Amino acid sequence: MLKRVDAVTCVAPHVSDYYRRRGVRARFIPNGLDFKELPSEAERLYEKQVIYAGRLSYEKGFDILLEAAKRVDPGIHLVVVGSGLRELEERAKRLSSLLPNFHYLGFREHAETLKLIAGSDALVLPSRSEGLSTAVLEAMALRVPVIAARIPGITSVFSEAHVVLVEPENPERLAEAINRTVKDPPLHLLDSAYRLVKERFDWDIIADQYLRLYEELLQGTSR
């Protein structure tokens with residue numbers, strides 16, 4: 001089916017490369033970010049706060065975060081925003097009752113989630129697989145450090161100049177990265193990450209890429 005369409009857009013370079021190798025006319029056009037939606041104020045619930053914002057699923061590595069939480073410094077509070085698999089939601093609720101520094105907030109509206117990201121010392125993304133996380137773009141635009149698993153969905157777009165990369169599927173390394181990032185903030189990453197998002201992932205820029213693709217398709221010049 002994909003080989004019969006005029007073009008397929010993919011939000012990550014490694015995905016478009018995968019399809020092109022299989023004869024699909026794929027184009028990398030990433031997710032975008034509307035800078036006008038970013039909050040002017042932040043919400044900090046704890047003195048030291050790291051946030052996970054997203055689906056509670058295995059591809060997102062949420063089970064890895066649950067194990068890492070047991071190794072995080074007790075003075076660092078992990079705030080979880082999102083919903084997902086009932087099994088993982090129940091595990092998050094149980095851990096909230098056992099660990100004083102683990103807090104499962106459940107689903108929150110997007111505007112409230114953005115304020116919580118803005119008020120955090122870091123955003124953590126322990127995914128096993130990823131396209132292009134909008135939460136990562138939002139954190140970067142809010143100048144919040146990002147801790148992410150070293151997987152193609154991250155490294156095909158971002159480097160160690162933009163995010164703190166950790167070994168995937170390793171709760172010990174993830175906990176170490178969380179502790180280190182909060183105690184010694186990687187301030188040198190913030191400007192480069194912000195510039196990257198502003199220059200490449202603003203929705204105005206993404207919209208132009210879609211318009212150019214449509215024009216190419218109408219003219220019959222798409223590759």
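Source: prediction; values computed, not measured.
At distances below 3.5 Å, not a single donor-acceptor pair connects side-chain atoms of Y46 with backbone N or O atoms of S120. The main-chain N or O of E67 is found under 3.5 Å from a side-chain atom of R71 such that the two form a donor-acceptor pair. Remark: side-chain polar atoms of S96 are paired, donor with acceptor, to backbone N or O of Y104 under 3.5 angstrom. Remark: the backbone N or O of T155 is not paired with any side-chain donor or acceptor of R150 at under 3.5 angstrom. Between the side chain of D121 and the backbone N or O of V182, no donor-acceptor pair lies under 3.5 Å. In terms of modelled atom types and a separation under 3.5 Å, the side chain of R20 and the main chain of A26 share a donor-acceptor contact. In this structure, the side chain of N179 engages the main chain of A175 through a donor-acceptor pair within 3.5 Å. In this structure a side-chain-to-backbone donor-acceptor pair under 3.5 Å is missing from E59 to S127. Side-chain atoms of R173 do not come within 3.5 Å of backbone N or O of E176 as any donor-acceptor pair.
Atom CZ of F28 sits in a crowded spot, with more than 12 heavy atoms from other residues, nucleotides or ligands closer than 6.0 Å. For R22, the CZ atom counts as densely surrounded, since its 6.0 Å shell holds more than 12 non-hydrogen atoms of other residues, nucleotides or ligands. Heavy-atom neighbours of F35 CZ from other residues, nucleotides or ligands within 6.0 Å: above the threshold of 12.
The shortest side-chain heavy-atom distance between P186 and V164 falls under the 4.5 Å cut-off. Counting only heavy atoms from C-beta outward, the side chains of V5 and R25 never approach each other to under 4.5 Å. Side-chain atoms of D63 and R128, non-hydrogen and from C-beta on, do get closer than 4.5 Å to each other. Residues D208 and I205 form no side-chain contact, since every pair of their non-hydrogen atoms from C-beta on lies 4.5 Å or further apart. In this structure, the side chains of Y52 and L78 stay at 4.5 Å or more apart for every pair of heavy atoms.
Taking a cutoff of 4.0 Å between a charged side-chain nitrogen and a carboxylate oxygen, D204 and K36 do not qualify as a salt bridge.
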CA sep, side-chain torsions, deciding dist, call: K93, E90, salt bridge (charged side-chain N to carboxylate O under 4.0 Å, His left out): CA-CA 5 Å; K93 291 174 183 176; E90 292 302 320; 3.7 Å; yes
Stepwise side chain to side chain contact (heavy atoms under 4.5 Å, CB included) test for R27 and E216: CA-CA 12 Å; R27 176 78 64 90; E216 291 174 11; 2.6 Å; yes
Evaluate the criterion side chain to side chain contact (heavy atoms under 4.5 Å, CB included) for residue pair M140 and V163; output intermediate values, then yes/no. CA-CA 9 Å; M140 290 180 170; V163 300; 3.1 Å; yes
Could you walk me through whether V72 and F102 pass side chain to side chain contact (heavy atoms under 4.5 Å, CB included), step by step? CA-CA 10 Å; V72 169; F102 184 87; over 6 Å; no
Let me see the working for D73 and K183 under salt bridge (charged side-chain N to carboxylate O under 4.0 Å, His left out), right down to the final yes or no. CA-CA 10 Å; D73 187 302; K183 292 176 182 177; 3.2 Å; yes
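Shown here for A92 and L56, the closest heavy-atom pair between the two residues is CB-CD2, 4.5 Å. The nearest pair of heavy atoms linking V197 to A141 is CG1-CB, 4.3 Å. Scanning both residues, N170 and E172, for their nearest heavy atoms gives OD1-OE1, 2.9 Å. Nearest heavy-atom pair across T181 and A122 is CG2-CB, 4.0 Å. Of all heavy-atom pairs between D191 and R143, the closest is OD1-NH1, 2.8 Å. Among all heavy-atom pairs drawn from Q49 and L116, the shortest one is NE2-O, 3.4 Å.
Under the 4.5 Å side-chain heavy-atom criterion for Ile, Leu, Val, Met, Phe, Trp and Tyr, L189 and L132 are members of distinct hydrophobic clusters. I64 and V146 end up in different hydrophobic clusters when Ile, Leu, Val, Met, Phe, Trp and Tyr side chains are linked at under 4.5 Å. Both V50 and F62 belong to a common hydrophobic cluster when Ile, Leu, Val, Met, Phe, Trp and Tyr are linked at side-chain heavy-atom distances under 4.5 angstrom.
When the side chain to side chain contact (heavy atoms under 4.5 Å, CB included) test is applied to A149, the partners found at least two apart in sequence or on another chain are I151, P168. Under the rule for a salt bridge (Lys or Arg N to Asp or Glu O under 4.0 Å), E199 has no partner lying at least two apart in sequence or in another chain.
Summarising the geometry, atom CH2 belonging to W203 is positioned 10.0 Å from atom CD belonging to Q209; distances are rounded to the nearest 0.5 Å. To the nearest 0.5 Å, atoms CG (L38) and CG (L142) are separated by 5.0 Å. Taking CD1 from I147 and CD1 from I51, the interatomic distance works out to 12.5 Å, rounded to the nearest 0.5 Å. Of the inter-residue distances, the one linking L213 atom CG with E215 atom CD reads 9.5 Å to the nearest 0.5 angstrom. Distance check, rounded to the nearest 0.5 Å: CD of E130 to CG of L125 gives 5.0 Å. In this structure, CZ in R108 is found 9.0 Å from CD in E43, a value given to the nearest 0.5 Å.
H162 and F158 have perpendicular rings, their planes meeting at more than 60° on a 0 to 90° scale where under 30° would count as parallel.
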